[in-house]
Novice: 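Please find one structure pasted underneath; my questions will follow.
Protein chains get the first letters and strands the later ones, always in sequence-line order, with residue 1 at the start of each. In this text the structure is predicted, and so the values were computed from the model without any measurement.
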Protein chains: 2
Amino acid sequence: MKSDTLIHADATDRLVRKLRVRDLLSDEEERALAASVSEVRTFGPGETLVRAGVAVSECNLLVEGMVCRYKDLADGQRQILELHVPGDFVDLHSFLLKRLEHNIGSLTPVRIAFVPHEAMKRVTEEHPHLARMLWFSTLLDAAIHREWILSMGRRTALARIAHILCELFVRMQVVGLATERGYSLPLTQADLADATGLTPVHVNRMLKKLRDDDLLTFRGGDVVVHDWERLRRTAEFSPAYLFLERRPR
Amino acid sequence: MKSDTLIHADATDRLVRKLRVRDLLSDEEERALAASVSEVRTFGPGETLVRAGVAVSECNLLVEGMVCRYKDLADGQRQILELHVPGDFVDLHSFLLKRLEHNIGSLTPVRIAFVPHEAMKRVTEEHPHLARMLWFSTLLDAAIHREWILSMGRRTALARIAHILCELFVRMQVVGLATERGYSLPLTQADLADATGLTPVHVNRMLKKLRDDDLLTFRGGDVVVHDWERLRRTAEFSPAYLFLERRPR
DNA sequence: CGTTCGATTGAGTTATCTCAATAGGCGTGG
DNA sequence: CCACGCCTATTGAGATAACTCAATCGAACG
């Protein structure tokens, strides 16, 4: 094993964990994944990591911190399209798309592992099953997108916020970053507004309602779930769209 | 060439057309695609083709007509997640997901080509480049989802409707089903409401406004574009997210 | 030719937004 | 150590985009 493989092995830990929830990943595949990381770098909060339309030649794997994909409208309105937790291969799709149609930005200080597209090509060609697992994880992003469309289209502001906080709870649990009671979510209410298509003021009122109803507290970057059952019902949250079971075969 | 390959060759025509807009597809790959179709069947309008949560063993390729993916909320509200035009490999993702988390339903009479998952596995393993193109087309769906999230989150009702009609115009053009002036869109205003997260009544008013402003007419299942430039601006539509250029290499 | 389904319009309601003001935390510089 | 400024959270009050309910109308269809 080459030494730089060792150096970056921890970079893929949470990704591996996430993949293993859904499928069997061999040790060889795990090593191939770790070996494909060329570099790990840190960035400050509020930085744009990938800009829409610019050709990219490597994929970003989030190791630590929180990033989002977003688009802006001409009048300055922002919409967050997805929130990413450690272990997410944020722009895996840039491998085939070559450029992204949206931006990727850090919401906190982050550590990012880079995987060059050449390494992606090599690893997917040498490991067809791993390639399918990576394909799968882009399909998971699409499934999350669809649930968000449902939220934005048909859920009330309260349910929308409850839903996104449920989703993140589960996704954080998968990568071992949540306890039974809650998780760390270093977002501002304005960020949450951009993610839910609401205004910060309204987000504030809905959070107050969730607090007053004793469902959940979101304060100082921490989510504490008080009543998971009622929260789930309020959000009409069902984790089926996160495909948390092992695929057949 | 086997005769059943010949029988179903037309089934993949529009898909091939769509793929060739984005990448080079060899004749051999085209034949492999056509050969993977096991059967072509017709369905009436309003049928559920794939139900959420049920294990599936084949992919649906839309040959003719219009289908949508949708989810329902407990109170009966429906959200359409994506509209599909001929040539769309509607549930290509079922190949890896094994079950879908949403439903697929026909909006019109449709012709569907079936591709068994075994055939998918064979063709993707034997043709890695074709596999990447299919992966790519699932990424395209995700990009469309993201644009919808932006629409639902931040665009006004008028812009949202204008935008979806712009998108379908371009997508219909790609598969040769639109003229310079417009295209056939066999949806009711209620369908359009379910796709945009609005009420039918409000959709009606916004369509009237688009008509009154002389941007576009949607009547009797036909979209006629009167002023593309102003329509584009109203929707803030830019086709970048549809990746209409050839990928590099 | 009655029935059904989709489109259209009016009138009143409401969820969410906008504007605005206040308050709390936190880092920086004097 | 205090004062200032900045960012985020909070709350109030009024505005508005979109919704609900309800009625009418037209076309398709058996």
Novice: Does a side-chain heavy-atom distance below 4.5 Å link Y183(B) with L165(B)?
Specialist: yes
Novice: Atom CE of M206(A) to atom P of dA9(D): distance rounded to whole Å?
Specialist: 16 Å
Novice: Nearest-Å distance, CD (Q189(B)) to P (dT8(C))?
Specialist: 5 Å
Novice: Quick one: does S106(B)'s side chain have a donor or acceptor within less than 3.5 Å of a partner on P109(B)'s backbone?
Specialist: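 Flag not set: sc S106(B) to bb P109(B) has no pair under 3.5 Å.
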Novice: Would you mind reading off the distance between H202(A) atom NE2 and dC19(C) atom C1', rounded to a whole angstrom?
Specialist: 16 Å
Novice: Over how many whole Å does the gap from K209(A) atom NZ to dT16(C) atom P extend?
Specialist: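 Atom NZ in K209(A) sits about 12 Å away from atom P in dT16(C).
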Novice: If you draw the axis of the six-membered ring of Y70(A), does the NZ or CZ of R78(A) fall within 45° of it and under 6.0 Å from the ring centre?
Specialist: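 Yes, R78(A) lies over the aromatic ring of Y70(A).
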Novice: I'd like to know if the side chain of S184(A) reaches the main chain of D222(A), judged simply by a donor and an acceptor atom lying under 3.5 Å from each other, with no hydrogens or angles considered.
Specialist: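 Judged by distance alone, no pair lies under 3.5 Å.
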Novice: What I'd like to find out is whether the side chain of E147(A) reaches to under 4.5 Å of the side chain of L242(A), using heavy atoms alone.
Specialist: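 E147(A) does not reach L242(A) side chain to side chain.
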Novice: Specify the separation, in whole Å, of atom CZ of R205(A) and atom P of dT14(C).
Specialist: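 The answer, rounded to whole Å, is 18 Å.
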Novice: Rounded to whole Å, how long is the line connecting atom CZ of R154(A) with atom P of dT16(C)?
Specialist: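 Result: 13 Å.
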Novice: Provide, to the nearest angstrom, the distance between the CG atom belonging to L198(B) and the P atom belonging to dT16(D).
Specialist: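 The distance from CG of L198(B) to P of dT16(D) comes to 20 Å, rounded to the nearest Å.
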Novice: Base, sugar-phosphate, or nothing for G221(B), non-hydrogen atoms under 4.0 angstrom?
Specialist: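 Nothing: the residue G221(B), judged by heavy atoms under 4.0 Å, touches no strand.
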Novice: Between N204(A) and dT10(D), is there a contact of a side-chain N or O with OP1 or OP2 at under 4.0 Å?
Specialist: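 Affirmative; the distance criterion is met.
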Novice: Side chain of T188(B) only, heavy atoms from C-beta on: which candidate in dG6(C), dC19(D), dA9(D) is closest?
Specialist: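 Among dG6(C), dC19(D), dA9(D), the one nearest the side chain of T188(B) is dG6(C).
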Novice: Using a cut-off of strictly less than 4.0 Å, decide whether R211(B) has a side-chain nitrogen or oxygen near OP1 or OP2 of dT8(C).
Specialist: yes
Novice: Verify the contact: side-chain N or O of R219(B) to OP1 or OP2 of dT8(C), cut-off strictly under 4.0 Å; return yes or no.
Specialist: yes
Novice: Between L158(A) and V201(A), just flag the one whose closest nucleotide in DNA chain C comes earlier from the 5' side.
Specialist: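 Checking each residue's closest nucleotide, the 5'-ward one belongs to L158(A).
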Novice: What integer distance in Å separates D191(B):CG from dA7(C):P?
Specialist: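 The answer, rounded to whole Å, is 8 Å.
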